[in-house]
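FYI, side chains are in, hydrogens and waters are out, and symmetry mates aren't considered; it's all heavy atoms of this structure.
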Amino acid sequence: MKVVLNLAKKEQKALFVIFGGTGDLAQRKLYPALFNLYKRGYLKKHFAVIGTARRPWSNGYYRDVVRSSIDGMVNSQAQIDEFASHFYYQSHNVNDVDHYETLRVLADKLDQDYGLEGNRLYYLAMSPSFFGTICEHLKSQGLTKTAGYNRVIIEKPFGHDYASAKELNDEISKYFPEEATFRIDHYLGKEMIQNIMALRFGNSILSAIWNNKMISNIQVTLSESLGVEERGGYYDTAGALRDMVQNHILQIVALLVMDRPDSYCAKDVRKRKVETFEALKIYSPEEVAQNFVRGQYGEGKDMVAYRDESMIAPDSMTETFVAGKLEVDNCDMAGVPIYIRTGKRLATKATRIDIVFKQDDDSLFGGQGLADNTLTINVEPDTGIDFTLNTKKIGQEFATRQTNIGYCLTEEQVAKVPEAYERLILNALQGNSVNFTHWDELEYSWKFVDAIRNAWDQEDLPVDYFPNYACGTMGPQASDELLAKAGHHWIF
């Protein structure tokens, strides 16, 4: 695999226009990410930010909000003030054409003042219902008529099902081509998720055994210890399947089982990911019942049940847990079960991947039983890799024991790791979409998820079917049984 990278730390000249600039995402993630890019030298003198929302803020108040969002990230108040001076606020109604004209005038002025060369990055940190409207007016009111690039970053959820996702994509693509559309999935910006390709294709020993002849099963766990918190209104209309499986988990699975790309560039990686999604088996309702489990958390120690959370219907049938077995029928991984699991109010917060290899005959050692050789990729909260091997126990008698080798990033190393949004925003500035989701990937992932959702909607479950797992556990018993019937078990 040819690696195509630009390692030069080149200053990025651009105007950021953030729709939803007063929101929680902007303050928690976007402004700290931009500040980190500023500290690292990717943003210097030639950048400006316009925050837009309905609130009637002044530039001064907006800059105070920006300063507050990066408080504690640096000791130099002068550096914070210099960074914040690049931020401007424009009160904006996304449905009002006149407001886009005001926005265009300000954008053109900042382009001249900061020498931005007409480069513009539009970040839509708003409800998807506004995406089409915003993109249309950006085009019709001349904001994209510049000498530089015009790119749009879109947050999830990208649709509610395949039909709504296609409608949304059709609207956006009228005004921004695919190569200028960056659909963000922050999991793709995490350090250890990006390590998957390095592990698979950068090590001949792993490349040689990463196939259905050597791998017994793959396990992907995204567990959360918190409940729905303030997201109850959204979550009760989405559930764990749409919120986590359709995007984060399926993207991780694609990286784990796709064929080797010809190069590490967006076009070649996208090609392999699309091939993987094409090979992902879409289940019939009967197969969904055999291969997928759903759950909803009940009460736990000092924790309320899902149905008692704020903004949740008392008889809600929304799943807060999903476990399933996936099948990808490509050359190298056909027949390897891929077990996925995600949920809220579980025993711990963790994202990890376990590659379980097939076991050798242990008759040489008297049938004493050998531990599974397992490669574990710890994404969070720990960051690192473990490999479980069988070695001899110390002593006179010959017996085997389980030994773990690997590494975990130190606190000093973790401090140097770019945060996911920081990494992805820089990718968008550079026009590199390798770590973003493309429409043809979304098309297949939604069709897969829709088949599961439709099968569940056809079931007439009694209201007392939920809750079926307690807070602080790893989900319903049926999740363990899903693996047990194939002779497997959750490693974690």
Side-chain angles (χ1 to χ4, degrees), residues 1-7 178-179 182-183 185 187-220 247-282 325-340 351-358 373-379 384-387 406-407 420 423-424 427 430-445 448:
M1 178 180 66
K2 181 182 179 182
V3 178
V4 180
L5 295 174
N6 180 8
L7 299 178
E178 180 67 22
E179 61 270 20
F182 291 74
R183 301 172 192 83
D185 184 330
Y187 270 77
L188 294 181
K190 293 180 180 292
E191 182 71 13
M192 295 312 297
I193 297 301
Q194 298 209 334
N195 249 300
I196 293 173
M197 290 187 65
L199 282 168
R200 287 192 60 191
F201 305 120
N203 299 283
S204 59
I205 188 170
L206 289 180
S207 295
I209 62 175
W210 207 286
N211 54 58
N212 53 11
K213 296 181 178 64
M214 300 300 296
I215 294 178
S216 166
N217 65 91
I218 295 175
Q219 302 177 18
V220 179
N247 40 73
H248 308 319
I249 288 181
L250 288 182
Q251 284 292 318
I252 293 172
V253 168
L255 293 173
L256 290 168
V257 302
M258 71 181 187
D259 291 334
R260 181 187 181 94
D262 293 335
S263 72
Y264 187 68
C265 71
K267 178 182 177 182
D268 289 336
V269 173
R270 171 187 178 185
K271 176 183 177 182
R272 293 305 190 202
K273 287 170 70 177
V274 171
E275 290 172 352
T276 301
F277 284 121
E278 288 177 330
L280 178 63
K281 183 178 180 181
I282 296 178
K325 184 181 82 170
L326 280 58
E327 301 174 27
V328 177
D329 190 20
N330 60 8
C331 294
D332 287 340
M333 303 301 289
V336 175
I338 305 160
Y339 297 109
I340 63 170
T351 298
R352 61 179 278 166
I353 300 159
D354 294 289
I355 312 297
V356 185
F357 293 93
K358 292 180 178 179
N373 295 146
T374 305
L375 175 66
T376 299
I377 303 172
N378 291 304
V379 180
I385 300 167
D386 289 308
F387 204 173
Y407 82 98
R423 190 193 307 268
L424 295 174
N427 288 165
Q430 296 169 333
N432 179 8
S433 62
V434 70
N435 297 313
F436 290 82
T437 305
H438 300 89
W439 165 244
D440 36 14
E441 300 165 31
L442 280 170
E443 180 179 5
Y444 288 108
S445 65
F448 174 78

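- D332 is not listed as a side-chain neighbour of W210, based on a closest heavy-atom distance of 4.5 Å or more.
- How far CZ of R260 is from CE of M197: 9.0 Å, rounded to the nearest 0.5 Å.
- Annotation: side chain of T437 is in contact with side chain of Q251 (closest heavy-atom distance under 4.5 Å).
- Between R272 and D262 the shortest side-chain heavy-atom distance falls below 4.5 Å.
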- Checking side-chain contact (heavy atoms from CB on, under 4.5 Å) for the pair L255/Q194: CA distance, chi angles, key distance, verdict? CA-CA 9 Å; L255 293 173; Q194 298 209 334; over 6 Å; no
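- Salt bridge status for E179 with K267: absent, with no side-chain N to carboxylate O gap under 4.0 Å.
- A distance-only check finds a donor-acceptor pair linking the side chain of S207 to the backbone of R200 [under 3.5 Å].
- Using a 4.5 Å heavy-atom threshold, the side chains of L256 and I353 count as touching.
- In this structure, CG in L250 is found 5.5 Å from CZ in F277, a value given to the nearest 0.5 Å.
- In this structure, N432 contributes its side chain and V434 its backbone to a donor-acceptor pair below 3.5 Å.
- Residues passing the ring pair (Phe, Tyr, Trp, His ring centres under 6.0 Å) test with H248, sequence neighbours excluded: H186, Y187.
- The residue from L326, I252, N217 that alone fulfils the side-chain contact (heavy atoms from CB on, under 4.5 Å) condition with I338 is L326.
- The residues D440 and R270 are annotated as salt-bridged, a charged nitrogen and a carboxylate oxygen being separated by less than 4.0 angstrom.
- Among residues two or more places apart in sequence or in another chain, the ring pair (Phe, Tyr, Trp, His ring centres under 6.0 Å) test is passed with F436 by F182.
- Taking 4.5 Å as the limit, every side-chain heavy atom of I355 sits out of range of all side-chain heavy atoms of L206.
- Closest approach of K358 and K213 over heavy atoms only: CD-O, 3.5 Å.
- Between V356 and Q219 there is a side-chain heavy-atom pair separated by less than 4.5 Å.
- Taking all atoms of both residues into account, the shortest heavy-atom contact from D185 to L424 is O-CD1, 3.7 Å.
- With N435 contributing its side chain and G189 its backbone, the two residues share no donor-acceptor pair below 3.5 Å.
- Counting heavy atoms from C-beta outward, V253 and L280 have side chains that stay 4.5 Å or more apart.
- With rounding to the nearest 0.5 angstrom, the CG atom of N203 is 10.0 Å from the CD1 atom of I209.
- What you find for L199 and I377 is that their closest heavy atoms are CD1-CD1, 3.8 Å.
- A donor-acceptor contact closer than 3.5 angstrom links the side chains of D268 and S263.
- Within the 4.5 Å cutoff, side-chain heavy atoms of V269 are placed close to those of M258.
- The salt bridge (charged side-chain N to carboxylate O under 4.0 Å, His left out) test with K273 singles out one residue from E441, E278, E443, and that residue is E441.
- Between S216 and P337, the shortest heavy-atom distance links the atoms O-CD, 3.3 Å.
- Counting all heavy atoms, side chain and backbone alike, A334 lies closest to N212 at O-ND2, 3.0 Å.
- We find the CZ-CG distance between F387 and L375 to be 5.5 Å, quoted to the nearest 0.5 Å.
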- Message: Let's go through R352 and T376 carefully: what are the C-alpha distance in whole Å and the side-chain angles of both, what is the deciding distance for side-chain contact (heavy atoms from CB on, under 4.5 Å) to 0.1 Å, and is it a yes or a no?
- Response: CA-CA 7 Å; R352 61 179 278 166; T376 299; 3.4 Å; yes
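- Between N330 and A279 the shortest heavy-atom distance is N-CB, 4.2 Å.
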